[in-house]
Number of protein chains: 2
Amino acid sequence: MGRLSTIRDETVFAAAGAQLASEGAVTLQGLVAATGISIGSLYHRYGSREGLLAQAWIDAVSTFQDRFLAALAAGDEEAGLQAALATPRFCREQRDRAIILCCCRQVDFIAPATPPANLQTVRTINDKVAAALQAHAGKSGHSLAACRMGMVAFPLGAVRLYLPGQAVPEDVDDYVEAGFRAAMNADTGARS
Amino acid sequence: MGRLSTIRDETVFAAAGAQLASEGAVTLQGLVAATGISIGSLYHRYGSREGLLAQAWIDAVSTFQDRFLAALAAGDEEAGLQAALATPRFCREQRDRAIILCCCRQVDFIAPATPPANLQTVRTINDKVAAALQAHAGKSGHSLAACRMGMVAFPLGAVRLYLPGQAVPEDVDDYVEAGFRAAMNADTGARS
DNA sequence: CATATAATAGAATGCAAATTCTAGTAAAGC
DNA sequence: GCTTTACTAGAATTTGCATTCTATTATATG
């Protein structure tokens, strides 16, 4: 029961990401202007500025993580490539969340003043991805460095050529694939 | 004539970059604490917070630009590769400036409130790099997108795996080279 | 319809950081 | 050694933003 919220979390989080990407900082007044929400609602719903930012980050990261881990979990020969391609695809299908992940930094959302509960959630998420990467490295016989390069660094660098201003073109996937294979081949620490 | 400054610009700029990378924001009090400079000196030397940030960015970008353009200017077969490698090399030799370039964003330093003179300088620098890339694309027969991918996006993504916390390992150069060649080969818009 | 609950709303407050301002200090030229 | 010039220094002020607080509005349930 009780009154229903008029403005969705999604809208607020997207506005925060957009402001951070374009201005370099988020102000609550800015969010009020961008979304029409009131200061009172912001504090009622998110507790504090830090809480709001932390939730926005967690929302974006966990959504992406689901796809990235699912791709890796396939476990077959091309699992790594699918994980690499998860980044450009995410940028097209979840643009607002991708802007938070690709155009901002964790430090913009997660700070010492972040509520402990949120801080713990972030740690769990980060650990999970790190572990999955580690596991994939072991299974595929490649070094962790090569996996991070081909599945994280190159894809991120690629989409950042376009976000936040432009759409990520389809042919970025070709470059990501080429970069992924190159990283795997260049793997000086390969074990197989 | 006149009194000599005791703390070098370089030191102040590096502190600004370090703070931005680790905390996500720069405060003048933070710079005072990190470098020992006084508030009065900051305003005397840089005019304003915006002026200071703009100068720090310009210092970092123009230093990098010199190397990047020099590599491209060689003009031979491997000029593109040398330009791609300029990024990891810069990270090792000019770490403080590299942190500003690789771990921060232009928007953190250049804003609407940036002094017009500095704004103009930044525009000139950006245009120069864009033109050189464009020229290299034409000369080498590759698309501009492929050149930006292999010479900017992949190298940047690669070093960001390590900066600002760790040194950029030597083998990153191998991945950057592999990524560069992959981008050139994957070039769907190649003209030769 | 009455009541409890949850959300909206925005003016008032407090705080942290940027900026201003006045005084003091070191180097170079005459 | 005197003057000019450029830099240092930090207290006082202002400003912009986060946060608090009280009132109000909308929905669900009995």
Side-chain angles (χ1 to χ4, degrees), chain A residues 1-13 15-20 22-57 59 104 107-119, chain B residues 1-13 15-57 59 104 107-118:
Chain A
M1 65 177 70
R3 186 172 175 175
L4 304 176
S5 54
T6 55
I7 292 163
R8 293 189 304 177
D9 285 345
E10 210 178 318
T11 306
V12 177
F13 296 165
Q19 249 187 70
L20 207 39
S22 70
E23 328 264 315
V26 187
T27 67
L28 298 187
Q29 291 302 336
L31 293 182
V32 166
T35 66
I37 202 173
S38 70
I39 288 283
S41 292
L42 286 177
Y43 276 86
H44 178 72
R45 290 164 69 168
Y46 309 111
S48 67
R49 181 177 176 277
E50 298 297 333
L52 169 102
L53 292 174
Q55 287 177 56
W57 177 257
D59 169 71
C104 305
V107 71
D108 291 321
F109 295 89
I110 308 298
T114 299
N118 293 330
L119 219 52
Chain B
M1 65 177 69
R3 186 172 174 176
L4 305 175
S5 52
T6 56
I7 292 164
R8 293 189 304 176
D9 285 346
E10 210 179 320
T11 307
V12 177
F13 296 164
Q19 247 187 72
L20 206 40
S22 70
E23 328 264 316
V26 188
T27 69
L28 299 187
Q29 290 302 335
L31 293 182
V32 167
T35 66
I37 202 172
S38 70
I39 289 284
S41 292
L42 286 176
Y43 276 86
H44 177 74
R45 291 164 67 170
Y46 309 112
S48 66
R49 182 177 177 277
E50 299 296 334
L52 160 67
L53 292 175
Q55 286 178 56
W57 177 258
D59 168 71
C104 305
V107 71
D108 292 320
F109 296 87
I110 307 299
T114 298
N118 293 330

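Letters go in sequence order (proteins before strands), and every chain restarts at 1. Being a predicted model, the structure only gives us computed values, none of them experimental.
Atom OG1 of B:Thr11 sits about 11.5 Å away from atom CG of B:Leu31, to the nearest 0.5 Å. Note that OG1 of A:Thr35 is 6.5 Å distant from CG of A:Leu42, once rounded to the nearest 0.5 Å.
A side-chain contact (heavy atoms from CB on, under 4.5 Å) with B:Leu52 is found for exactly one of B:Val12, B:Val26, B:Asp9, namely B:Val12.
Annotation: salt bridge (charged side-chain N to carboxylate O under 4.0 Å, His left out) contacts involving residues 27-39 of chain A, sequence neighbours excluded, are absent.
With DNA chain D read from its 5' end, the first of the two nearest nucleotides for A:Gly2 and B:Arg45 is the one closest to B:Arg45. Nearest-nucleotide mapping onto DNA chain C: of B:Gly40 and B:Arg49, the residue sitting toward the 5' end is B:Arg49. Annotation: of the two residues near DNA chain C, B:Leu4 and B:Ser48, the 5′-most nearest-nucleotide partner is B:Ser48.
For A:His44, taking side-chain heavy atoms from C-beta onward, the closest of the listed nucleotides D:dA11, D:dT8, C:dA6 is C:dA6. In this structure, of C:dA18, D:dA9, D:dT19, it is C:dA18 that holds the atom nearest to the side chain of B:Tyr43. Distance from the side chain of B:Leu28 is smallest to C:dT19 among D:dT8, C:dA9, C:dT19.
For B:Arg3 and C:dT25, a side-chain-to-base donor-acceptor distance below 3.5 Å is present, hydrogens and geometry of angles not being considered.
The distance from atom CG of B:Leu31 to atom C1' of C:dA18 is 12 Å, rounded to the nearest whole Å. Rounded to a whole Å, the CG atom of B:Leu52 is 10 Å from the P atom of C:dT19. Atom CD1 of A:Ile7 and atom C1' of C:dA6 are 16 Å apart (whole Å). Between A:Ile37 atom CD1 and C:dG10 atom P the separation is 12 Å, expressed in whole Å. For the pair B:Leu42 CG and D:dT8 C1', the interatomic distance rounds to 11 Å; values are reported in whole Å. Atom OH of A:Tyr46 and atom P of D:dA18 are 15 Å apart (whole Å). B:Ile39 has its CD1 atom 17 Å from the P atom of D:dC7, to the nearest Å.
B:Ser5 comes within 4.0 angstrom of sugar-phosphate atoms only, judged by non-hydrogen atoms across all strands, and of no base. Within the nucleic acid shown, A:Thr27 comes within 4.0 Å of sugar-phosphate atoms alone, with no base atom in reach, counting heavy atoms only. Within the 4.0 angstrom heavy-atom criterion, no nucleotide atom of any strand lies near B:Val32.
Considering every non-hydrogen atom in both A:Ile7 and A:Arg45, the closest pair reads O-NH2, 2.5 Å.
Residue B:Ser38 places no side-chain N or O under 4.0 Å from the OP1 or OP2 atom of D:dT8.
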